[in-house]
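Read through the structure below, which is laid out as structure tokens, and then see the notes.
All figures in this text were calculated on a predicted structure; none of them were measured in a lab.
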4 protein chains.
Amino acid sequence: MSPRNVERDLLQREKRINHILDSALETIAVRGIGSVSINDIAAAAGMSIGSMYHYFKSKNEIISEILRRGQTDYGKHVTGLSVQQGSAQDKLFQLCESWLALDNSWAYTILIHTARLSDASSEEIRRAVTERFTNNLCPVASVMEQGQRDGHIVNGDPLELAYYFVSLIQGLTLQRMPGAEVPIQARASSIVSLFAAKPQL
Amino acid sequence: MSPRNVERDLLQREKRINHILDSALETIAVRGIGSVSINDIAAAAGMSIGSMYHYFKSKNEIISEILRRGQTDYGKHVTGLSVQQGSAQDKLFQLCESWLALDNSWAYTILIHTARLSDASSEEIRRAVTERFTNNLCPVASVMEQGQRDGHIVNGDPLELAYYFVSLIQGLTLQRMPGAEVPIQARASSIVSLFAAKPQL
Amino acid sequence: MSPRNVERDLLQREKRINHILDSALETIAVRGIGSVSINDIAAAAGMSIGSMYHYFKSKNEIISEILRRGQTDYGKHVTGLSVQQGSAQDKLFQLCESWLALDNSWAYTILIHTARLSDASSEEIRRAVTERFTNNLCPVASVMEQGQRDGHIVNGDPLELAYYFVSLIQGLTLQRMPGAEVPIQARASSIVSLFAAKPQL
Amino acid sequence: MSPRNVERDLLQREKRINHILDSALETIAVRGIGSVSINDIAAAAGMSIGSMYHYFKSKNEIISEILRRGQTDYGKHVTGLSVQQGSAQDKLFQLCESWLALDNSWAYTILIHTARLSDASSEEIRRAVTERFTNNLCPVASVMEQGQRDGHIVNGDPLELAYYFVSLIQGLTLQRMPGAEVPIQARASSIVSLFAAKPQL
DNA sequence: CATGAATGAGGGTTCATTCAT
DNA sequence: GATGAATGAACCCTCATTCAT
């Protein structure tokens with residue numbers, strides 16, 4: 001009736017959506033994306049199947065939204081990092097560490113890769129994921145640039161270096177799938193040092 | 001007793017098996033591993049569903065065999081490379097190039113990652129894939145070692161360096177999924193140079 | 001060419017048929033009729049699937065033949081028993097004992113019941129089995145009659161008594177399915193005594 | 001929260017479950033347990049295949065439930081009979097009559113036997129059926145005991161006598177499979193008289 | 001809005017039977 | 001005769017989605 005009710009309803013809706021997405025991500029992280037059904041997500045969110053379809057058009061949209069949220073959050077995070085005080089190496093080191101930690105971000109990375117690899121996800125999802133991935137390279141590239149200006153980072157196109165850096169990290173993340181871990185330790189300092197400037201004799 | 005040419009039958013069987021595996025790989029490469037059904041594979045191979053089960057115990061076994069074949073072949077390839085004449089840098093360069101080329105090996109890499117990521121593949125498959133992956137790191141590590149002896153490759157545990165090198169390449173491969181390609185060029189020479197020795201001043 | 005070869009061929013064929021039937025019965029006895037495939041029978045007989053269809057028109061015919069053989073053999077056995085020397089009670093006792101023993105005859109009984117119960121067996125099989133079953137009651141009925149003449153067996157239509165006797169035994173056999181045995185001991189002497197004459201006061 | 005009438009839903013669910021079980025039993029009675037598919041049961045119940053799996057976890061569970069219901073109902077029936085007024089012979093007579101009538105109980109008996117014989121039913125089902133069968137012997141045994149106290153029933157372990165009595169009835173039931181009936185009339189009075197006391201001279 | 005029963009296409013798998021060799 | 005590869009219909013079961021309540 002009153003505008004306040006409408007507003008409150010919208011807030012309520014937003015909260016529900018976030019709750020569903022959180023529950024879904026949690027479930028997917030534990031059980032894998034392929035074997036998670038709408039039923040499972042609904043159960044995890046403590047809601048009915050029907051409600052899922054009030055908030056999302058399809059299962060695909062849920063996955064899509066999880067990815068969008070995750071990548072957007074990561075984008076903010078890495079952008080924040082890039083404009084911080086500190087050396088480029090420190091920033092790359094932090095990025096490495098936070099990625100190699102097997103926390104939430106890890107589940108996101110796996111999910112992102114799965115989404116891009118899987119034909120279960122639509123062409124549209126795959127394109128959007130890739131686009132955001134590419135955009136998220138920019139802050140890393142600017143860190144590389146900063147490092148080059150300071151003489152700490154190897155020469156070359158900063159975006160290309162960022163591309164290698166992120167691909168390396170993501171490649172490593174893949175090797176750490178629970179239940180199929182490669183028994184080799186990855187160390188952030190070693191990784192960063194690969195990108196260190198090579199002084200000319 | 002047996003009026004059939006047993007030897008020829010065995011050859012025929014082997015040929016059929018290879019044909020199925022090839023068809024399956026091709027189909028998976030195009031359509032993705034998750035949504036490829038036995039039906040699809042049978043159609044691609046030009047055979048009936050029932051025939052699939054003459055040659056393989058289950059769909060899982062087909063996937064499993066594709067992976068085994070691919071990883072074994074790659075293992076031979078990289079081992080051969082490691083014992084060749086030539087500088088370590090050349091060898092890494094060749095490895096890069098052959099990987100970044102979007103040929104068959106690319107489809108294998110995707111398949112391997114998907115298999116490791118997907119909960120559709122059984123625990124057993126994931127473990128076997130990871131084990132072979134780890135074993136295949138050894139020849140690369142020996143190339144790293146050779147390079148270090150020659151003063152061309154950066155210091156550090158050779159196996160760890162190999163781990164980074166391969167992860168980097170594989171990470172890049174992921175970014176090149178058809179239909180979702182990151183619009184950045186990866187260049188083998190740049191990648192190899194990350195692993196180049198850093199002369200001390 | 002020569003008549004002797006034809007004759008020998010026929011003998012060979014008969015031997016093969018018996019071999020198949022024996023192997024099939026053995027397999028069925030162990031694994032149950034429902035889960036035994038032509039493939040299994042062929043393997044047990046050490047022959048090829050194709051050969052099965054040289055000797056039998058269908059799987060149904062194999063089952064059918066096993067039943068026919070088994071019931072015919074049993075018919076001979078019980079007829080022999082009925083014309084032997086000895087008291088009616090002794091004969092019934094022997095019949096009981098041989099039936100309650102968990103030997104080959106037990107597997108036949110189960111098979112017969114399964115065939116009669118199962119819709120997997122055709123109407124035709126079921127009718128044939130029932131007809132042979134009914135015929136095989138006659139020798140038992142004649143034993144009952146003998147017992148009545150001697151004053152040892154209860155009054156009543158001998159065929160009806162035989163029907164009860166055999167049904168009782170068969171009912172008991174069912175209760176002794178391996179893996180689902182009723183934990184009560186059946187004793188031949190008690191069973192026979194149910195059919196003992198009831199002296200009038 | 002829930003705009004639906006929860007209580008009515010639960011009632012509806014119960015009704016549906018019973019409807020499915022009834023339809024399934026009917027279908028099985030006509031077509032046999034082995035060749036009844038989920039499809040058949042769904043068709044008989046006028047529902048979709050998917051719905052079956054809303055109400056039951058598996059085909060096995062449907063069979064299991066039919067058996068449980070049937071045996072439990074029978075257990076109540078026979079227990080009620082055993083504590084009624086009347087002579088033991090009357091009670092056995094009634095039991096015989098109700099069993100030999102080719103009504104619903106007949107289908108249950110066949111189903112029970114088939115379940116115990118068939119390897120299609122799981123080990124678990126077979127065990128449960130047998131256990132309930134054994135328990136259901138007790139009321140019959142107590143009738144036997146009553147008869148012995150009154151001097152109307154033959155001597156011997158009451159449970160063993162009950163075992164024979166029930167096995168006899170069940171054996172007879174088997175001989176009356178529609179389409180394969182043994183052409184001999186079974187009469188309740190004759191059967192009961194087999195268990196009558198045998199006066200000592 | 002909330003609910004969960006209903007749907008049915010599609011998944012992997014089995015197996016009796018046929019037939020070219 | 002002997003063989004076993006090939007077939008394809010049928011099995012049980014899953015699950016994204018719809019819709020009456």
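Non-hydrogen atoms lying under 4.0 Å from DNA chain F are contributed by B/M47, B/S48, B/G50, B/S51, B/H54, all within residues 42-54 of chain B. The stretch residues 60-68 of chain D does not touch DNA chain F, since none of its heavy atoms comes less than 4.0 Å from the strand.
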Please tabulate, for the side chains in residues 21-28 of chain D, all donor-acceptor contacts under 3.5 angstrom to protein atoms that are two or more places apart in sequence or on a different chain.
residue : atom : partner : partner atom : Å
D/D22   : OD1  : D/R69   : NH2          : 2.8
D/S23   : OG   : D/H19   : O            : 2.8
D/T27   : OG1  : D/S23   : O            : 2.7

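Here F/dC13 presents its P atom at 14 Å from CG of D/D40, a figure rounded to the nearest Å. Taking atom CG of D/L11 as the reference point, atom C1' of F/dT21 lies 16 Å away to the nearest angstrom. Rounded to an integer number of Å, the gap from OH of A/Y55 to P of E/dC1 is 7 Å. The distance from atom CD of B/E14 to atom C1' of F/dA5 is 16 Å, rounded to the nearest whole Å. Distance NZ (A/K57) to P (F/dT17): 10 Å, rounded to an integer number of Å. Taking atom CD1 of residue C/I38 and atom P of nucleotide F/dA6, one finds them 20 Å apart after rounding to whole Å. As rounded to whole Å, 16 Å separates atom P of F/dT3 from atom CD1 of C/I41. Rounded to whole Å, the distance from CZ on B/F56 to C1' on E/dG12 is 16 Å.
Here A/E65 pairs with A/R68 in a salt bridge; the nearest charged N to carboxylate O distance falls below 4.0 Å.
Under the salt bridge (Lys or Arg N to Asp or Glu O under 4.0 Å) criterion, B/R126 pairs with B/E123, not counting sequence neighbours. A search for side-chain hydrogen bond (donor to acceptor under 3.5 Å, both in side chains) contacts involving A/S58 returns nothing, not counting sequence neighbours. Residues meeting the side-chain hydrogen bond (donor to acceptor under 3.5 Å, both in side chains) test with D/S64, sequence neighbours left out: none. Evaluation of the side-chain contact (heavy atoms from CB on, under 4.5 Å) rule for C/A42 yields C/I49, C/M52 as partners, not counting sequence neighbours. For B/R13, the side-chain hydrogen bond (donor to acceptor under 3.5 Å, both in side chains) criterion is met by no residue, not counting sequence neighbours.
When every heavy atom of D/L67 is checked against every heavy atom of D/A115, the shortest pair comes out as CD1-CB, 3.6 Å.
Note that the CD1 atom of D/I20 and the CD1 atom of D/I66 stand 10.0 Å from one another [nearest 0.5 Å]. To the nearest 0.5 Å, the span separating CD on D/E61 from OH on D/Y55 amounts to 14.0 Å. One finds the CG atom of A/D9 at 10.5 Å from the CD atom of A/E7 (value rounded to the nearest 0.5 Å).
Applying the 4.0 Å criterion to OP1 and OP2 of E/dA6, one finds that D/R16 has a side-chain N or O inside that range.
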State the dot-bracket string of DNA chain F. Criteria: Watson-Crick or G-U wobble, both atom distances under 3.5 angstrom; notation: ( ) intrastrand, [ ] crossing earlier pairs, | interstrand, . unpaired. .||||||||||||||||||||
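Between B/R13 and C/R13, the residue anchored closer to the 5' end of DNA chain F is C/R13, taking for each the nucleotide with the nearest heavy atom. If you find the closest nucleotide of DNA chain F to C/Q12 and to A/N39, the one lying nearer the 5' end belongs to C/Q12.
Residue pairs satisfying the salt bridge (Lys or Arg N to Asp or Glu O under 4.0 Å) criterion with at least one member in residues 40-59 of chain C, sequence neighbours excluded, are listed as follows: C/R31-C/D40.
You'll find that the side chain of B/K59 is closest to E/dG12, out of F/dC12, F/dC13, E/dG12.
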